[in-house]
Structure formats: C-alpha cells, structure tokens
Amino acid sequence: MIYHYFETKEGLYSELAKMVAVRCYTALLNTDYGAVEPLDAVAAFVENAFAQYCEHLLLAAMTEDQALHKAQQLRSNPEIENLRRRLST
C-alpha cells in the first residue's frame with residue numbers, strides 16, 4: 001500500500017535516497033573540519049563516514065546503486081546539492 005503515496009516505484013526510491021542522503025550529509029557536517037589540522041580533518045571525516053555506514057547498513061547498497069546510476073535520484077535535488085556544496089568547502 002506504500003505505492004499509494006508515490007506515483008511510481010522510482011518516486012518512492014528517490015524519496016528514500018533523498019532521506020538517507022540528507023541524514024548522512026547532515027551527520028558529516030556536524031564536525032567543524034576547518035577547526036583542526038588537515039590530517040586530523042581527513043581522519044575525522046573518514047571516521048564519521050565509516051560510522052554512518054556502520055550505523056545505517058542499507059547505506060552501502062544505496063551508495064553502490066547511486067554510483068551505478070550516476071546519482072540520478074539525487075543529482076537534481078537542490079537540498080542535496082546544497083549539502084554537498086557545504087561539505088566540499
């Protein structure tokens with residue numbers, strides 16, 4: 001019955017991918033990487049990213065699927081793009 005709320009399976013998957021991405025980007029942005037030495041910042045980022053994969057086991061499968069499909073569900077989402085930009089600065 002969940003399909004009742006989404007027009008297509010693609011719509012459902014896109015919303016799920018967006019929810020997971022927002023949660024993960026937000027968790028990664030909780031650390032001020034600019035406040036520490038570069039090597040420490042990289043270590044903290046890797047630790048935070050790894051923690052996300054450990055905490056959300058489905059994340060690995062979704063990351064692989066998004067990589068295979070060139071992030072089709074996330075690429076055009078302005079909220080995700082804004083989070084991605086904030087993380088890369």
Side-chain angles (χ1 to χ4, degrees):
M1 296 311 289
I2 197 164
Y3 287 119
H4 172 75
Y5 299 99
F6 300 92
E7 290 185 25
T8 63
K9 184 169 75 170
E10 176 71 21
L12 170 63
Y13 184 78
S14 291
E15 187 61 29
L16 177 63
K18 177 188 162 208
M19 288 172 47
V20 169
V22 166
R23 182 182 306 158
C24 291
Y25 277 125
T26 301
L28 290 172
L29 286 165
N30 282 335
T31 300
D32 183 5
Y33 301 105
V36 296
E37 293 296 318
L39 190 55
D40 294 333
V42 171
F45 179 82
V46 170
E47 288 174 10
N48 290 340
F50 185 73
Q52 288 299 304
Y53 282 100
C54 290
E55 187 175 329
H56 307 288
L57 299 178
L58 183 62
L59 183 58
M62 292 190 75
T63 300
E64 180 181 10
D65 185 65
Q66 287 299 300
L68 289 171
H69 296 100
K70 298 181 173 131
Q72 183 178 359
Q73 288 82 10
L74 302 176
R75 201 170 354 139
S76 61
N77 187 296
E79 182 179 8
I80 300 300
E81 193 55 40
N82 180 40
L83 290 168
R84 186 179 296 140
R85 236 181 278 114
R86 286 180 49 208
L87 189 58
S88 67
T89 57

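The structure displayed is predicted, hence computed values, not measured ones.
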Shortest non-hydrogen separation from I80 to A21 and the atoms involved: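 For I80 versus A21, the nearest heavy atoms are CD1-CB, 3.6 Å.
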Heavy-atom pair with the smallest gap, counting every atom of C24 and L59: SG-CD2, 3.5 Å
Find the distance between [atom1] ([X]) and [atom2] ([Y]) and round it off to the nearest 0.5 Å.
X   : Y   : atom1 : atom2 : answer
E79 : K18 : CD    : NZ    : 4.5 Å
Q66 : R75 : CD    : CZ    : 9.5 Å
L29 : R84 : CG    : CZ    : 12.0 Å
E15 : N77 : CD    : CG    : 8.5 Å

Mind checking whether [X] and [Y] sit in one hydrophobic cluster, side chains of I, L, V, M, F, W, Y counted as touching below 4.5 Å?
X   : Y   : answer
M19 : V22 : no
Y13 : V20 : yes
L74 : L28 : yes
L16 : Y25 : no

Under 4.5 Å side-chain linkage, directly or through intermediates, the cluster mates of L68: none
Donor-acceptor list for residues 48-57 side chains, cut-off 3.5 Å, not counting sequence neighbours:
residue, atom, partner, partner atom, Å
N48, ND2, T31, OG1, 2.9
N48, ND2, Y33, OH, 3.0
N48, ND2, A44, O, 3.3
Y53, OH, T63, OG1, 3.1

